[in-house]
2 protein chains.
Amino acid sequence: MFRTNLDNIVFFVKYIEKLRNSGLRPTKQRLRICQVLFNTQKTFHFTINDLVKKIKKQINNNISLATVYNTVRAFEKKGYLKQISINSSETYFDTNISNHHHFYDLKEEKLIDLKNSDVGPINIKKKINGKKIKSVEVLVKLED
Amino acid sequence: MFRTNLDNIVFFVKYIEKLRNSGLRPTKQRLRICQVLFNTQKTFHFTINDLVKKIKKQINNNISLATVYNTVRAFEKKGYLKQISINSSETYFDTNISNHHHFYDLKEEKLIDLKNSDVGPINIKKKINGKKIKSVEVLVKLED
DNA sequence: TGTCTAGTTTATAATGATTCTAAAAAGGTG
DNA sequence: CACCTTTTTAGAATCATTATAAACTAGACA
């Protein structure tokens, strides 16, 4: 079913647990998507379309588009992925769920990570009664 | 053609000039949209859909949907409107073109302006070769 | 004032991302 | 294995937005 070297086995056992623990059944499709998204050191940004291409390329197997959408939404809800707030016709997601910011290159339509140390501390002085801050995202738009 | 009190005349003369100066012909439709967007002290956020409703309500006259889209895009390109980077099925625009930031109330799905003085200075330390910063937008997501 | 031309508006069709549907398949419990 | 629930799936439906191409209009100039 999957490649059988030790690293892969470890990876799948880990993600089977992870999915179960968050109330998601560890289906073949979800584990394959985990493999594409998380079986790497590097974090990255992607659209659903990017992900579908990556799945096709990395795994010789088709997952239906609806499932990819469902899975990404489920992972986002569980906090395994973050949606990036940017105006684009497609929705962007980020495998880097830590608090961090982005450059957006308007010409290339590409997102670039800003490390937390690349941005000075952000001080939000205003408070709204009964609401608390969930996240603070900075988007720096770049032009030529 | 339009209401004829002095304030309105002043407003239209001003916007006829403004449009001409930026290379846009001051058509009836564009001037009506200016009236809805800019003939008020208050700035506000809107979607195309909001704007169409506002036009229907304030002006007893139909402007085709395509024209509303074209006009809003044109105004944005000329800097009379700002697009707000937020993930929503509809695109949001802001009549407040000054540098400022937003709260986004996740539950109510509502944008709230943050005055510049509500946010401390933001220091972007990273530089990208050949690119310059066009804008820095902070989006503060709120939960209950 | 009429004519001309490029820019604009318009209704409608087309596009494209995303969600919905409902039937088939699969996971997990006993 | 049997059962029930969740998940997957292909395809249809939806919704915002853009494209199209024909009719119209602003502004320039005679």
Side-chain angles (χ1 to χ4, degrees), chain A residues 1-2 12-13 15-36 45-53 55-56 59 61-78 80-81 83-93 109, chain B residues 1-2 12-13 15-36 45-53 55-56 59 61-78 80-81 83-93 109:
Chain A
M1 176 164 156
F2 298 112
F12 283 115
V13 167
Y15 273 86
I16 286 168
E17 271 315 287
K18 214 173 165 180
L19 290 173
R20 273 218 191 88
N21 290 338
S22 52
L24 297 171
R25 286 187 182 169
T27 63
K28 271 186 291 194
Q29 290 85 345
R30 283 176 180 161
L31 286 169
R32 289 203 188 99
I33 292 175
C34 283
Q35 201 183 3
V36 173
H45 312 122
F46 65 95
T47 64
I48 296 291
N49 205 21
D50 295 336
L51 182 54
V52 167
K53 275 191 214 149
I55 291 167
K56 282 224 179 80
I59 299 166
N61 213 304
N62 264 16
I63 297 178
S64 108
L65 185 60
T67 300
V68 178
Y69 270 100
N70 289 340
T71 302
V72 167
R73 286 285 171 212
F75 285 6
E76 194 224 341
K77 199 172 272 177
K78 297 299 179 186
Y80 302 156
L81 291 172
Q83 192 177 317
I84 301 172
S85 292
I86 194 177
N87 267 104
S88 161
S89 54
E90 288 174 89
T91 303
Y92 275 82
F93 295 90
E109 294 189 11
Chain B
M1 177 164 156
F2 299 111
F12 284 115
V13 168
Y15 274 87
I16 286 168
E17 272 315 288
K18 213 172 166 180
L19 290 174
R20 273 217 192 90
N21 289 339
S22 51
L24 297 172
R25 285 191 183 165
T27 63
K28 271 186 291 194
Q29 290 86 342
R30 285 177 179 160
L31 286 169
R32 288 204 188 99
I33 292 174
C34 284
Q35 200 184 3
V36 173
H45 311 123
F46 66 95
T47 64
I48 296 291
N49 204 22
D50 295 336
L51 182 53
V52 167
K53 274 190 214 149
I55 290 167
K56 282 224 179 79
I59 299 166
N61 213 302
N62 265 16
I63 297 179
S64 110
L65 186 58
T67 300
V68 179
Y69 271 100
N70 289 340
T71 303
V72 167
R73 286 289 170 210
F75 285 5
E76 193 223 342
K77 197 171 274 176
K78 297 298 179 187
Y80 302 155
L81 292 172
Q83 191 177 320
I84 300 171
S85 292
I86 196 177
N87 267 105
S88 161
S89 54
E90 289 175 87
T91 303
Y92 274 83
F93 295 90
E109 295 189 10

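These numbers come from the heavy atoms of this one structure, side chains and all, not from hydrogens, waters or symmetry mates. Order of the sequence lines fixes the chain letters, A, B, ..., with proteins taken first and strands second; residue numbering starts at 1 for each chain. These numbers come from a predicted model, not from an experiment.
The nearest whole Å value for the distance from the OH atom in A:Tyr69 to the P atom in D:dC15 is 16 Å. Rounded to an integer number of Å, the gap from A:Phe93 CZ to C:dT18 C1' is 10 Å. In this structure, B:Leu65 atom CG and D:dC15 atom P are separated by 14 Å, rounded to whole Å. In this structure, A:Phe46 places its CZ atom 15 Å from C1' of C:dT18, rounding to the nearest Å. Distance, A:Asn62 CG to D:dT7 P: 21 Å, rounded to whole Å. Protein atom CG of A:Asn87 is 15 Å distant from nucleotide atom P of D:dA16, rounded to whole Å. Between A:Lys78 atom NZ and D:dT6 atom C1' there is a gap of 13 Å when expressed in whole angstrom units. A:Arg73 places its CZ atom 16 Å from the P atom of D:dT8, with the value rounded to the nearest Å.
Remark: B:Lys53 is not positioned above the aromatic ring of B:Phe46, lacking an NZ or CZ atom under 6.0 angstrom from the ring centre and at most 45 degrees off the axis.
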### Query
Given B:Gln29 and B:Thr71, is the side chain to side chain contact (heavy atoms under 4.5 Å, CB included) satisfied, shown in steps?
CA-CA 9 Å; B:Gln29 290 86 342; B:Thr71 303; 5.5 Å; no

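Under a 3.5 Å cut-off, the side chain of B:Lys78 and the backbone N or O of B:Ser22 do form a donor-acceptor pair.
Phosphate proximity of C:dT18 to B:Ser89: absent, as no side-chain N or O sits under 4.0 Å from OP1 or OP2. Remark: B:Thr27 is not in phosphate contact with C:dG7, judged by side-chain N or O atoms under 4.0 Å from OP1 or OP2. Proximity of A:Gln29 to the phosphate of D:dT9: a side-chain N or O atom is located under 4.0 Å from OP1 or OP2. Under 4.0 angstrom from either OP1 or OP2 of D:dT17 there lies at least one side-chain N or O belonging to B:Thr91.
Where B:Arg20 and B:Glu90 meet DNA chain D, the nucleotide closest to each residue was compared, and B:Glu90 sits on the side nearer the 5' end. Each of B:Arg25 and A:Thr67 was matched to the nucleotide of DNA chain D holding its nearest heavy atom; the match closer to the 5' end belongs to A:Thr67.
A donor-acceptor contact closer than 3.5 angstrom is absent between the side chains of A:Gln35 and A:Arg30.
Each of B:Leu51, B:Ile84, B:Asp50, B:Ile48 was evaluated against B:Phe93; a single residue qualifies, B:Ile48, per the side-chain contact (heavy atoms from CB on, under 4.5 Å) test.
Within 4.0 Å (heavy atoms only), A:Thr47 reaches no atom of the nucleic acid at all. When heavy atoms are screened at a 4.0 angstrom cut-off, A:Asn70 is found touching base atoms of the nucleic acid.
The listed nucleotides are D:dT8, D:dT17, C:dT9; the one nearest the side chain of A:Thr71 is D:dT8. In the set D:dA19, C:dG28, C:dC20, the nucleotide with an atom closest to the side chain of A:Ala66 is C:dC20. With C:dT8, D:dT8, C:dT18 as the candidates, the nucleotide lying closest to the side chain of A:Ile48 is C:dT18.
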